[in-house]
Number of protein chains: 2
Amino acid sequence: MRNTNRTEPPDSHFGEIRALHLFSDMSDESFMTLMRGAYVQTFPPQIELITEGEPSDFLHILIAGSVELFSTWNRRETVMDTVLPVSTFILAATIRDAPYLMSARTLEKSRVVLIPSLDVRAVFEQDMPFARSIIVELAQCYRTVVKNTKDLKLRTSLERLANYLLRERARHAGDQSFDLPIDKRRLASRLGMTPENLSRAFKNLQAYGVRVQGARIHITDQIELERFAKPNPLIDDLSA
Amino acid sequence: MRNTNRTEPPDSHFGEIRALHLFSDMSDESFMTLMRGAYVQTFPPQIELITEGEPSDFLHILIAGSVELFSTWNRRETVMDTVLPVSTFILAATIRDAPYLMSARTLEKSRVVLIPSLDVRAVFEQDMPFARSIIVELAQCYRTVVKNTKDLKLRTSLERLANYLLRERARHAGDQSFDLPIDKRRLASRLGMTPENLSRAFKNLQAYGVRVQGARIHITDQIELERFAKPNPLIDDLSA
DNA sequence: CGCTATGTTGATCCATATCAATAAGTGTGG
DNA sequence: CCACACTTATTGATATGGATCAACATAGCG
C-alpha cells in the first residue's frame with residue numbers, strides 16, 4: 001500500500017488549510033507549529049485511512065478527492081458520512097486522545113493532510129483563537145449528528161431520501177438537475193436502507209416530481225416534493 | 001406554570017456545580033462571573049423547559065430530578081436522551097448561539113441551574129482552562145451521539161435492548177438486579193421502538209436470562225446475554 | 001376506591017430486508 | 001475500439017422485523 005502513496009511537504013496547501021474556519025483565526029506562529037509536524041499524502045481509491053478502535057494519532061484534513069466514514073459491528077457495516085474537500089475529520093477523537101469511533105476510506109484518489117494529534121492538543125492550549133475555533137467546530141459537528149439522529153428516528157426511508165434530495169438540490173444552488181455525489185449503494189447505506197429499497201424509493205418519488213437517470217437527478221416539481229418531504233430547518237439546514 | 005416554580009440563589013449549589021468537569025478547572029473569578037448571572041429554579045414534573053427551535057438563552061445544569069430530551073417532526077416524537085444529575089445539557093446550542101435542536105421536559109420534580117448563554121460565551125474567551133473543558137465536553141458529547149447512531153443503524157431493536165440492559169447493569173456496579181431508570185414507554189422511544197415492541201422484546205430476552213418484574217430487571221445469565229448482545233466498547237462504553 | 005396512564009397481549013398490516021435473477025454500466029486488456 | 005469481466009443498479013418474489021389497531025390488565029395516584 002505505502003509505495004503507491006506520495007508524500008510531499010504541506011507548503012503548497014497552506015492557503016487552503018489556513019482558509020478553513022478551524023485554522024483561520026489562529027496566530028501565524030501557532031499555524032506554523034502545526035504545519036511543521038504535518039505532512040500531505042496522496043492515496044489511491046479504496047484505501048482504508050483509519051480503522052475504528054485504533055488510537056487517533058492524526059487529525060485529518062481532506063484537500064482533494066472524497067472520503068467515506070463508516071462503522072462496523074457484527075459483520076454489518078454502515079456509512080456514517082461522506083467527507084468532501086476541504087474539511088477536517090475525526091476532530092473529536094483527536095481532542096480526547098481516544099480511539100477512532102469510525103473508519104475512513106478513500107472513495108477516489110485523495111489528498112490528505114495529517115497533523116499529529118499531539119500538536120493539535122498542544123497548540124490549542126496556547127492559542128485562544130484556535131481553541132475558540134475548535135469549540136465552534138465541535139459544536140457544529142455535534143449538532144450535525146443530532147440532526148442526523150432525528151432524521152433517522154423520526155422519518156421513514158422514503159422521507160429521508162426526499163429530504164436528502166432537497167438538501168442536495170440546495171447545495172447545487174437550486175438547480176433543477178444535479179448528479180448524486182456518491183454511488184447509490186453508499187447513499188443507501190448513509191440513509192439507513194438497502195440498495196434495493198433505495199431503488200424502489202426513487203421509483204416512489206416519481207409521483208412527487210423526481211426523475212432519475214443514472215446518477216443524474218431531475219426535480220421537476222419542487223413544491224410537490226416539499227409537500228411530501230416536509231423539510232425542517234432543525235433537521236435539514238446544514239448550517240445553524 | 002411560573003407560580004409553581006421556586007427561584008433561589010445558586011449559592012447553595014456552588015459546590016456541586018463547581019465539581020462538574022466543565023467547571024472544575026476554571027478560575028474562581030470566572031466561576032463567580034458565571035454564577036452571578038445564574039439562578040436556580042425548581043420545576044414540577046412534566047414541564048417543558050425548552051422547546052426546539054427557540055433561541056438558546058441559557059445553559060442548563062440539572063441539579064436534582066430528571067429531564068428528558070426529545071424531538072418532534074410531523075406529529076411524531078422521539079426521545080433523544082435522558083439527563084440525570086448532575087450534568088449540563090444543550091451546551092452546543094449555547095456555544096453556537098443557535099436554536100435548540102431538542103426540547104426538554106422534566107420527568108419528575110427537578111432543580112435546574114440556568115446560566116445565561118451570553119455569559120458562557122464571554123467567559124470562555126477569557127478563561128483558557130474553561131475553554132479547554134468545553135472542548136473536552138463537546139468532544140465527549142459528539143462521541144456519545146455517534147455511538148448512538150451506530151447503535152441505531154447497526155443493530156436490531158432486540159440487540160439494542162440487550163445492550164442497553166448490559167450498560168444499565170454496569171452502571172449499577174454489576175448488580176444482578178436493578179430498576180429501569182425511566183418508564184418503559186420512554187425507554188422504547190429512546191431505543192427507537194414502540195412500547196408494544198419493547199414489551200415483546202423483553203419476552204424474547206427471557207431466552208437469554210433476562211427476567212422482568214415491572215421496572216425491576218434481573219439478569220440471571222450475563223454470559224448468555226452477552227453472547228447475544230455482543231457489546232462493543234466503540235458503541236457501548238459510556239466513557240472513551 | 002375508582003380514574004387515568006401505563007403496560008401487556010393478540011391480530012393484522014406495512015415497511016423494509018433478503019434472496020434471486022437480470023440489466024446496465026465501467027474499466028481493462030487485447 | 002471492442003469484448004470480456006466485474007461491479008453496481010434494477011426488478012421481482014418472498015420473508016420478517018416492527019408498527020398499528022384493539023382489547024384487556026395493571027398500577028399509580030388523587
Side-chain angles (χ1 to χ4, degrees), chain A residues 44-46 66 68 73-79 82 105-109 151-162 164 179-207 210-217 228, chain B residues 4 44-46 68 73-79 82 105-109 151-164 179-207 210-217 228-229:
Chain A
Q46 304 301 334
S66 58
E68 174 175 270
W73 178 79
N74 192 30
R75 311 246 143 219
R76 295 168 214 166
E77 179 180 315
T78 191
V79 173
T82 304
R105 73 165 72 92
T106 56
L107 292 178
E108 38 186 330
K109 188 183 171 202
D151 192 47
L152 276 173
K153 290 185 79 177
L154 290 167
R155 290 173 171 162
T156 66
S157 61
L158 193 60
E159 289 163 346
R160 288 199 295 278
L161 176 60
Y164 171 84
D179 285 326
L180 295 174
I182 50 172
D183 289 346
K184 289 179 182 170
R185 197 169 59 96
R186 297 170 200 284
L187 175 59
S189 179
R190 238 251 44 200
L191 294 176
M193 57 209 281
T194 58
E196 296 94 322
N197 192 15
L198 178 65
S199 202
R200 288 170 181 127
F202 273 124
K203 273 259 167 67
N204 290 331
L205 288 183
Q206 278 181 15
V210 175
R211 201 107 323 153
V212 183
Q213 299 170 17
R216 188 129 198 105
I217 306 294
F228 171 74
Chain B
T4 61
Q46 303 302 332
E68 174 175 270
W73 178 79
N74 193 31
R75 309 247 143 219
R76 295 169 215 166
E77 179 179 315
T78 191
V79 174
T82 304
R105 71 166 72 93
T106 56
L107 293 177
E108 40 186 328
K109 186 182 172 202
D151 192 45
L152 278 172
K153 291 185 78 177
L154 290 167
R155 289 172 171 163
T156 67
S157 61
L158 193 61
E159 289 162 346
R160 288 199 295 278
L161 176 60
N163 281 292
Y164 171 84
D179 285 326
L180 294 174
I182 51 173
D183 290 346
K184 288 179 182 169
R185 198 168 58 96
R186 297 171 200 284
L187 175 59
S189 179
R190 239 256 35 206
L191 295 176
M193 56 209 285
T194 58
E196 296 95 323
N197 192 14
L198 177 65
S199 200
R200 287 169 183 129
F202 274 124
K203 274 259 168 68
N204 290 331
L205 289 183
Q206 278 182 14
V210 175
R211 202 105 323 154
V212 183
Q213 301 169 15
R216 188 125 198 108
I217 306 295
F228 171 74

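Proteins get letters first, then strands, A, B, ... in listed order; numbering begins at 1 in each. Here the structure is a predicted model, which means the values were calculated and not measured.
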Assert: residue with more 5' nearest nucleotide on DNA chain C, out of A:Thr194 and B:Asn197, is B:Asn197
Could you state the atom-to-atom distance from NZ of B:Lys153 to C1' of C:dT16 in whole Å?
-> 15 Å
Would you say the base of D:dG12 and the side-chain of A:Arg200 have a donor-acceptor pair closer than 3.5 Å?
-> yes
Contact class for B:Ser157 vs. all strands (heavy atom < 4.0 Å): base, sugar-phosphate, or nothing?
-> sugar-phosphate
Between CZ of A:Arg216 and P of C:dA24 the distance, given in whole Å, is 21 Å
Once you round it to whole Å, what is the distance between P of D:dA19 and CG of B:Leu198?
-> 10 Å
Rounded to whole angstrom units, what separation is found between the CZ atom of B:Arg76 and the P atom of D:dG18?
-> 17 Å
If you check every side-chain atom of A:Asp183, which of D:dT8, C:dA17, C:dT8 has the closest atom?
-> D:dT8
Between C:dA17, C:dT8, D:dA9, which nucleotide gets closest to the side-chain atoms of A:Lys184?
-> D:dA9
Among the nucleotides D:dG12, D:dA19, D:dT8, which one has an atom lying closest to any side-chain atom of A:Glu196?
-> D:dG12
Report which part of the nucleic acid B:Thr156 touches: base, sugar-phosphate, or nothing (heavy-atom distance under 4.0 Å, all strands).
-> sugar-phosphate
Distance, nearest 0.5 Å, that separates CZ of A:Phe202 from CG of A:Leu158 | 10.5 Å
Enter the distance from B:Asp151:CG to A:Trp73:CH2 here, rounded to the nearest 0.5 Å.
-> 8.5 Å
note: B:Leu158, atom CG; D:dT16, atom P; distance rounded to Å ~ 15 Å
Whole-Å distance, A:Arg75 CZ to C:dT18 C1', equals 19 Å
Got a second to check how far A:Arg160's CZ is from A:Leu154's CG, nearest 0.5 Å?
-> 10.5 Å
Between A:Thr106 (side chain) and A:Gln46 (backbone), is there a donor-acceptor pair under 3.5 Å?
-> yes
How far apart are the closest heavy atoms of B:Glu159 and A:Asn74, and which atoms are they?
-> OE2-ND2, 4.4 Å
Round to a whole Å and report the spacing from CZ of A:Arg160 to P of C:dT16.
-> 7 Å
To the nearest angstrom, how far is A:Gln46 atom CD from D:dT7 atom P?
-> 11 Å
